[in-house]
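Read the structure below first, then the notes.
Sequence positions, counted from 1, serve as the residue numbers for this chain. In this text the structure is predicted, and so the values were computed from the model without any measurement.
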Amino acid sequence: MDIASLVSERSTCLRRRVGAILVKDRRILATGYNGAPKGLAHCQERGCLRESIPSGQRHELCRGVHAEQNAIIQAAVAGVSIAGSTLYCTNQPCVLCAKMLINAGIVKIYFSGDYPDGLAMELLQEAAIELNIMRPQKKV
């Protein structure tokens, strides 16, 4: 989870920095963070389209690609199969990402941050994807 958190630092989102990694057999297959599509202006430059939209609603009104989506895309571009892999993500996936993760063949998801999307959790549970909530531990 520490690596997903480190990846999230590359995020260009003004509202929520999210990082994701796909792992199989203890090997990182792909990483992703949320931000504008390749070659397009980031929200830091253009402003946030979602300023007045509550979190978890109207996902289509955003310039950004979610961290989970970017990890899936990165694997596809590199020709890396992610079927049977595990996702580590700094936040619970939204319903759009949940559907993509199901179809990509992800078998386990570890996440630490909440996200207000009950339908996403319902779909992931129905697909029998193992869900693991990891709460940040206090460092001594």
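Pairs passing the salt bridge (Lys or Arg N to Asp or Glu O under 4.0 Å) check and including a residue from residues 114-130, sequence neighbours excluded, read D114-R135. Residue pairs satisfying the ring-ring contact (aromatic ring centres under 6.0 Å, His included) criterion with at least one member in residues 62-95, sequence neighbours excluded, are listed as follows: H59-H66, Y88-Y110. Applying the side chain to side chain donor-acceptor pair (under 3.5 Å) rule to pairs touching residues 12-24 yields T12-H42, R16-S55, sequence neighbours excluded.
Looking only at distances, no side-chain donor or acceptor of R63 sits under 3.5 Å from a matching main-chain atom of G47. Not a single donor-acceptor pair under 3.5 Å links the side chain of T90 to the backbone N or O of S5. In this structure a side-chain-to-backbone donor-acceptor pair under 3.5 Å is missing from E68 to C97. The backbone N or O of V18 lies less than 3.5 Å from a partner atom in the side chain of N34, making a donor-acceptor pair.
Put simply, M1 and I109 are part of two different groups of oily side chains (I, L, V, M, F, W, Y) that touch within less than 4.5 Å, one to the next. In this structure, L14 is not a member of the same hydrophobic cluster as I53, with clusters built from ILVMFWY side-chain heavy atoms closer than 4.5 Å. Linking ILVMFWY side-chain heavy atoms closer than 4.5 Å, directly or via other members, places L131 and I72 in a single hydrophobic cluster. Linking Ile, Leu, Val, Met, Phe, Trp and Tyr residues whenever their side-chain heavy atoms come within less than 4.5 Å leaves V107 and M134 in two separate clusters. Note on L96 and Y115: separate hydrophobic clusters, where clusters join Ile, Leu, Val, Met, Phe, Trp and Tyr whose side-chain heavy atoms are under 4.5 Å apart, directly or indirectly.
Enclosure of atom CD1 in I3 is not indicated, since only 12 or fewer non-hydrogen atoms of other residues, nucleotides or ligands lie within 6.0 angstrom.
A distance of 11.0 Å separates CG in L87 from CG in N132, rounded to the nearest 0.5 Å. A distance of 10.0 Å separates CD of E45 from CG of L40, quoted to the nearest 0.5 Å. Rounding to the nearest 0.5 Å gives a distance of 10.0 Å between SG of C43 and CZ of R50. Of the inter-residue distances, the one linking L22 atom CG with Q74 atom CD reads 8.5 Å to the nearest 0.5 angstrom.
Between A30 and A71, the shortest heavy-atom contact is CB-O, 3.4 Å. Between A120 and C94 the shortest heavy-atom distance is CB-C, 3.5 Å. In this structure, S85 and I106 approach most closely via the heavy-atom pair OG-CD1, 3.2 Å. Pairing each heavy atom of V7 with each of G32, the nearest pair is CG1-O, 3.3 Å.
Applying the under-4.5 Å side-chain rule to Ile, Leu, Val, Met, Phe, Trp and Tyr, the cluster around V65 extends to I73, V77.
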(request) Please report the C-alpha distance between E9 and L6 in whole Å, then the side-chain angles of each, then the deciding distance to 0.1 Å, and finally whether the side-chain contact (heavy atoms from CB on, under 4.5 Å) criterion is met. (result) CA-CA 6 Å; E9 292 179 22; L6 183 63; 4.0 Å; yes

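Of the residues listed (I21, T86, I82), the one engaging L29 in a side chain to side chain contact (heavy atoms under 4.5 Å, CB included) is I82, and it is the only one.
Evaluation of the side chain to side chain donor-acceptor pair (under 3.5 Å) rule for R10 yields Y33 as partners, not counting sequence neighbours. For A127, the side-chain contact (heavy atoms from CB on, under 4.5 Å) partners two or more places apart in sequence, or in a different chain, are I102, I129.
The shortest side-chain heavy-atom distance between L101 and P93 falls under the 4.5 Å cut-off.
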